[in-house]
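Data first, discussion second: the structure below is written as structure tokens.
Keep in mind the model is a prediction, meaning the values are calculated, not measured. Note: hydrogens, waters and symmetry copies are ignored here, and every other heavy atom, side chains too, is used. In what follows, every chain begins at residue 1, and chains take the letters A, B, ... in the order their sequences are listed.
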2 protein chains.
Amino acid sequence: MSIPESNRGQKKSNVSLAEIAGEAGVSRMTASRVLRGADGYSVKTRDKVLEVAGRLGYVPNRIAAALGSEASNSLVAIALPTLGRELYSQILEGLENKLASVGYQPIVGVVGYDDDTEFKWLNSALAWRPCGLVVTGRPRSAANQALLSSLTVPVMQLWNLKADTDDGLASTHLRVGIDHFEAGRQMGDYLSSRYRGKAGYVGVRQADTVLGQDRLSGFESGYGASAETLFLNDRSSFYAGYYGAEQLLSANPAIRVLYFLDDNMAVGALMFCQAKGIKIPGDVAIAGFGGLDIGSVMPATLTTTRVRRLRVGKQAAENLIKRVTGVPVPLVQDIGVDLEKGETA
Amino acid sequence: MSIPESNRGQKKSNVSLAEIAGEAGVSRMTASRVLRGADGYSVKTRDKVLEVAGRLGYVPNRIAAALGSEASNSLVAIALPTLGRELYSQILEGLENKLASVGYQPIVGVVGYDDDTEFKWLNSALAWRPCGLVVTGRPRSAANQALLSSLTVPVMQLWNLKADTDDGLASTHLRVGIDHFEAGRQMGDYLSSRYRGKAGYVGVRQADTVLGQDRLSGFESGYGASAETLFLNDRSSFYAGYYGAEQLLSANPAIRVLYFLDDNMAVGALMFCQAKGIKIPGDVAIAGFGGLDIGSVMPATLTTTRVRRLRVGKQAAENLIKRVTGVPVPLVQDIGVDLEKGETA
DNA sequence: TGCGCTTACGTTACCGGTAACGCTCAATTT
DNA sequence: AAATTGAGCGTTACCGGTAACGTAAGCGCA
């Protein structure tokens, strides 16, 4: 079964274990052992097999391997609400970095905040029998809760740490992220130490889901007063912040402190105030969340909560893989945040 | 806190075709036909099989399907240089949207601009026998060129349209993206119609690769003069633009027009100029590339080249899938760009 | 010399699907 | 009435690996 001389180096994906074995004069099983780095072969055999595999350009077939032994699937399914903004795309970068470094491959899905989309995606992703699943923590429909709870593969819940939000994840599911209530509380606390007066908050709502509710609650708790709120039916964006600030401030001129869902919006608001001659932080103090790069080059550096997004992804991947491979790992891991005291508040 | 052996539970998805078939009183093959939507069964049989599959919560095993028929792999491997910034993450979002809508799954890899990383990733991704491959067009090492050229699955080259850049992609490979030379030329042309004087350009270099070279060439061609250039060994960022503008302007005070690798950097430069009291566009005109959202809320709207990033991804996925399924498709497709005449130039 | 233990393999039986082909039987054609 | 057809379904043989088990040769040791 040797490959004709003329075919060398072509059609890589046609080279199978059987061909390697034939060329090397051993059984398929022996070739398999050598190529997997299992033991049970002599140095001579190993060298011969590796030589042939290298010469023929053998690429192992993970599909067959995965079918053959249920345990050897190295696919990790990752569902993210969105990718277009820095937050989740950097988390994904962290996830991918770590996964790739230990030989795993991510299957990625963008499922928004819609239960139905998520449900469908989960089903098609599970058809690949991933060895692990990554989702973001959030309230879920009963169907999705049931599906996630019925799984035997490890599930990692990203970003949201709180277990008591009704996210339908069983207590065996892993969590890596931050405590959003605490992040909001910290910011509210800091602002209340420097300013008095009415607080305002601008966030967004997507598919009937209000994003960042825990942070808002924490903020109000820390600030010691409830905030005037405005929820835009939109994605978070610079423009949403610009527009939101305009709306909220004109409706509530007494607002002294403005908190935002994230830095994109806070920067937009900053631009709005700058355009309108509203003094920051003299007239209105502004705070965001996330610690995006843009904050650091603004005319006034943004007061925000810095989150190590790459780190969240890496740690999530690491813990998930540990669980997959049977290494003990903490159920919940808090990455923590840093309050960035900028010039806008 | 750690739960070592919780992996041991019952497998939810061990419902196999055989069980469905048994329950429904038909052969595996018939159940397979029904579940795949192939033909060759009666309405009665179909209803029975579907009922059983629904009741037992059958999730098809794509791994087995892919092994069984070489053609049925619905995995698409996607290699991106980075994910943290808006550009590639939005392209990925577009890719994923389209792929998911037609039942395909993306396997994602972040390979930077390093040939070795890309080579390793390609090999591990190919082990999943994807039905298509997406990479970004750029100069490649001989090994990577050879690998890509030896493949029998369709390859989609993203972003860079030019065929004559030494990217090692065979002429059968698909391309979707924009003409970067033309985009630069257009901008240079526009700026030369409004300003005279020395031009400057700030870009970045990563892993010995100068990014956006074609745009720079086009820009110089359109502007009618070569530019003072500065290449930072860094990722593109607001801060890089801030710093780059500072460096280049102090070294060449005569610069009248500043062009940047992308909008992130242009915005950073804008901030620098604003901080230093340099009038825009009175003293220096600034132009970026990409059309990021941030540009539209700046105190002065950014002059830039708008690119529909989501569209690039969607179209790339669409063309690739067409090729995979044998539908005729243009080899090269230009998404086009729009010159955005803002207030900074 | 015979017994057990290793080492280094080979054999067999799957994993869960699908392609290819074959069979049956009722409806239609000749 | 015999021949032809095709819808509907079953059988067989894989796909390319891996787990589990079997076995022959070599070695130490009683």
Separation of atom CG in B/Leu56 from atom P in C/dG16, rounded to whole Å: 14 Å
Value in whole Å for how far the C1' atom of D/dG16 lies from CG of A/Leu67: 9 Å
Grab the N/O contacts between the protein and nucleotides 6-9 of chain D below 3.5 Å, and write none if there aren't any.
| from | atom 1 | to | atom 2 | distance (Å) |
| --- | --- | --- | --- | --- |
| D/dC9 | OP1 | B/Ser42 | OG | 3.2 |
| D/dC9 | OP1 | B/Thr45 | OG1 | 2.5 |
| D/dC9 | OP2 | B/Ser42 | N | 2.6 |
| D/dC9 | OP2 | B/Thr45 | OG1 | 3.2 |

Donor-acceptor pairs under 3.5 angstrom involving side-chain atoms of residues 97-109 of chain B: please list them, not counting sequence neighbours.
| from | atom 1 | to | atom 2 | distance (Å) |
| --- | --- | --- | --- | --- |
| B/Ser101 | OG | B/Lys98 | O | 2.7 |
| B/Gln105 | NE2 | A/Ser124 | O | 3.3 |
| B/Gln105 | NE2 | A/Ser124 | OG | 3.1 |

B/Glu93 side-chain N/O to A/Gly84 backbone N/O, donor-acceptor pair under 3.5 Å: yes
Nearest heavy-atom neighbours spanning A/Ala31 and A/Leu17: CB-CD2, 3.4 Å
Check: A/Leu148 and A/Arg140 side chains under 4.5 Å, non-hydrogen atoms: yes
Within-4.5 Å side-chain heavy-atom neighbours: B/Leu320 and B/Val176: no
Residue-phosphate contact under 4.0 Å: A/Tyr58 side-chain N/O, D/dG16 OP1/OP2: no
Interatomic distance where CG belongs to A/Asn73 and P belongs to D/dG17 [whole Å]: 15 Å
hbond_proxy A/Arg28 side chain to D/dG17 base (donor-acceptor, 3.5 Å cutoff): yes
Side chain proximity check, A/Leu151 to A/Leu126, heavy atoms < 4.5 angstrom: yes
Separation of C/dT18 P from B/Met29 CE (nearest whole Å): 7 Å
Selected nucleotide, minimal atom distance to B/Asn61 side chain, candidates D/dT18, C/dG16, D/dG10: C/dG16
Rounded interatomic separation in angstrom, taking CG from A/Asp39 and C1' from D/dA19: 14 Å
Axis bend over the full length of the helix from C/dT1-D/dA30 to C/dT30-D/dA1, computed from five pairs that close each end, to 10 degrees: 50°
